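Heads up: the structure comes next, in structure tokens.
Nothing fancy with the numbering, it's 1 onward along the sequence. Small disclaimer: the values here were computed from a predicted structure and weren't measured.
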Amino acid sequence: MMKSSKISTILLLLFVVIIGSFCLTYGAPSSTSTKSLTPSEKKLLNDLYDRAKKAGGIIEFKSNLDSKKFVTTQNRPYDLLALFTSSNPKYGCAGCVQLKNSIESFSLSFEPYLNSAEFLEKPIFIVILEVDYNMEVFQTIGLNTIPHLLFIPSGSKPITQKGYAFSGFEQISSQSISDFIYSHSKIRIEPVKTFYEKYSVQILSVVVFLASVRFLITAYRKRKSPMFWYFLTILLFSCVIMGIFYDFIHKPNFYEFDHRHQTFNYFSRGSRSQTVSEGMIMGVSTIAITLIFVYISDILPNFSTFSPRSKSVLFFIGMSSIIVLLFFQSLAFQIKYYRPLFFIPSVTYHY
């Protein structure tokens with residue numbers, strides 16, 4: 001009986017040892033990048049890591065040798081977020097400067113990740129390649145235009161734009177860059193946010209609440225004034241033109257960027273679409289016309305204490321301003337719809 005008990009105890013201990021060894025071997029958290037690296041891969045990773053630390057997070061390659069060594073090399077032991085761009089004015093790249101500034105600003109968010117222990121598990125680097133210094137790499141990848149922001153996964157697969165290119169340069173932000181990286185690598189880099197970005201919703205809510213209270217008080221006091229309700233109607237109409245409701249529903253770009261011609265378009269090329277800046281231009285000009293009209297038609301003759309001569313001068317200035325603003329709106333309509341209020345033959349726009 002004693003012998004059987006000892007055997008059972010030994011078997012139980014052996015079973016516990018086997019299960020424990022199995023858990024330590026296969027149950028421990030694993031990482032896609034903790035695989036054993038060859039000495040050359042380790043050296044490549046360490047060299048690029050040292051350069052990133054010295055550069056403050058974002059590395060700018062200024063020779064084909066560097067880009068060949070770290071970007072187009074075989075068996076890359078790291079992911080890359082690569083910006084292909086140019087600062088040379090001869091290329092006329094209007095969007096390159098903006099995109100490069102956005103990437104450099106993202107270094108504030110990327111540097112903490114670079115210095116974290118998580119980086120060793122999932123290494124990723126952010127690099128900038130100027131066309132003047134890296135022409136061979138541009139030709140190898142097949143880039144014919146700039147700028148391009150590509151995610152380049154680790155390994156030896158050929159670098160391609162299909163499925164790995166960032167889109168939406170018009171609304172690029174630290175958050176959109178972070179989301180782009182996460183969508184391809186599952187690496188979450190939390191963007192550093194300003195005070196306004198953190199609390200903009202709360203601030204806007206307070207402003208809207210105070211404005212609403214103020215509006216209700218004013219509406220009650222002016223409820224018998226026809227001009228007040230006229231102005232309120234035009235204000236609502238201006239909000240529609242400005243696209244406040246459209247922006248809230250569709251969340252359009254602030255402006256459009258034409259990569260082919262390297263130009264910024266503040267008026268959407270589609271007759272059924274609208275950029276934020278386009279709505280602001282049209283809405284603000286409409287509100288300005290309304291304010292001037294209300295002033296010269298009601299406030300100036302009925303509530304001002306100016307002399308008759310001064311009133312005449314102000315009326316002339318007001319009417320001239322309305323004509324100028326209508327001319328401006330006609331120009332805007334001609335850009336957008338080719339249907340101007342006034343025919344302006346000297347201005348033609350082709351998209």
Side-chain angles (χ1 to χ4, degrees), residues 31-34 37 41-73 76-87 93 95-134 137-138 141 143 146-155 159 164-169 171-198:
S31 171
T32 57
S33 63
T34 53
L37 300 176
E41 290 174 342
K42 287 182 179 179
K43 185 177 185 307
L44 192 68
L45 177 61
N46 291 333
D47 287 349
L48 197 56
Y49 180 75
D50 291 338
R51 293 187 63 164
K53 294 276 287 184
K54 291 178 181 178
I58 311 297
I59 308 169
E60 186 167 350
F61 291 139
K62 293 189 175 182
S63 72
N64 281 305
L65 293 176
D66 284 340
S67 54
K68 285 181 180 179
K69 178 180 178 181
F70 295 109
V71 179
T72 57
T73 183
R76 290 180 300 274
Y78 45 76
D79 296 329
L80 288 173
L81 181 68
L83 172 62
F84 298 86
T85 184
S86 175
S87 301
C93 182
C96 290
V97 176
Q98 178 200 4
L99 188 56
K100 186 176 180 180
N101 290 340
S102 299
I103 293 296
E104 290 175 343
S105 298
F106 187 69
S107 63
L108 296 174
S109 304
F110 176 68
E111 195 169 5
Y113 179 80
L114 181 66
N115 297 322
S116 67
E118 188 180 358
F119 178 85
L120 300 177
E121 298 293 324
K122 297 180 178 179
I124 183 173
F125 296 98
I126 301 177
V127 298
I128 298 175
L129 296 92
E130 291 270 346
V131 63
D132 286 335
Y133 306 117
N134 302 275
V137 177
F138 275 69
I141 299 174
L143 298 177
I146 50 176
H148 277 285
L149 183 62
L150 301 182
F151 178 84
I152 303 175
S154 59
I159 301 174
Y164 291 99
F166 180 89
S167 59
F169 292 147
Q171 291 184 322
I172 190 169
S173 63
S174 294
Q175 186 63 57
S176 62
I177 296 173
S178 175
D179 294 340
F180 177 69
I181 293 174
Y182 182 77
S183 66
H184 291 287
S185 66
K186 302 306 177 186
I187 297 174
R188 175 58 72 187
I189 301 176
E190 292 297 333
V192 176
K193 295 182 178 180
T194 63
F195 177 85
Y196 177 76
E197 290 173 332
K198 288 181 180 178

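Closest heavy-atom contact between R76 and P153: NH2-O, 3.0 Å. Taking all atoms of both residues into account, the shortest heavy-atom contact from K122 to K186 is NZ-O, 3.6 Å. T72 and K68 make their closest contact through OG1-CA, 3.3 Å (heavy atoms, listed as atom of the first residue, atom of the second, distance). G57 and L114 get closest at one heavy-atom pair: CA-CD2, 4.0 Å.
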- Message: If you apply the rule side-chain contact (heavy atoms from CB on, under 4.5 Å), what do you find for S178 with R188, and how did you get there?
- Response: CA-CA 7 Å; S178 175; R188 175 58 72 187; 3.6 Å; yes
Let me see the working for I159 and V71 under side-chain contact (heavy atoms from CB on, under 4.5 Å), right down to the final yes or no.
CA-CA 9 Å; I159 301 174; V71 179; 3.9 Å; yes
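The line from CD1 of I124 to CD of E118 is 11.0 Å long, rounded to the nearest 0.5 Å. Atoms CG and NZ, on L48 and K69 in that order, are 9.0 Å from each other to the nearest 0.5 Å. Interatomic distance, CD1 of I103 versus CD1 of I177, reported as 4.0 Å (0.5 Å rounding). We find the NE2-CG distance between H148 and L99 to be 10.5 Å, quoted to the nearest 0.5 Å. Between the CZ atom in F61 and the CG atom in N134 there is a gap of 8.5 Å [rounded to 0.5 Å]. Summarising the geometry, atom CG belonging to L45 is positioned 7.0 Å from atom CG belonging to L37; distances are rounded to the nearest 0.5 Å.
A parallel orientation is assigned to the rings of F106 and F110, their planes being inclined by less than 30° (bins at 30° and 60°). Ring geometry, F151 versus Y164: the interplanar angle falls under 30°, so the pair is classed parallel (tilted spans 30 to 60°).
In this structure, Y49 places its OH atom where more than 12 heavy-atom neighbours from other residues, nucleotides or ligands lie under 6.0 Å away.
Here Q175 pairs with D179 under the side chain to side chain donor-acceptor pair (under 3.5 Å) rule; sequence neighbours left out. Partners of K53 by side chain to side chain donor-acceptor pair (under 3.5 Å), not counting sequence neighbours, listed by chain and number: N115. For the ring pair (Phe, Tyr, Trp, His ring centres under 6.0 Å) test, no residue two or more places apart in sequence or in another chain qualifies with Y182. Among residues two or more places apart in sequence or in another chain, the side chain to side chain donor-acceptor pair (under 3.5 Å) test is passed with K42 by none.
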Mind listing the side-chain donor-acceptor pairs of residues 78-86 below 3.5 Å, one per line with the distance, residues two or more places apart or on another chain?
unit_1 : atom_1 : unit_2 : atom_2 : d
Y78    : OH     : F70    : O      : 2.7
D79    : OD1    : S154   : N      : 2.8
S86    : OG     : N88    : N      : 3.1

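Under a 3.5 Å cut-off, the side chain of S185 and the backbone N or O of I181 do form a donor-acceptor pair.
Legend: side chain to side chain donor-acceptor pair (under 3.5 Å) pairs involving residues 101-111, not counting sequence neighbours: none detected.
Remark: D47 does not engage R51 in a salt bridge, criterion side-chain N to carboxylate O under 4.0 Å.
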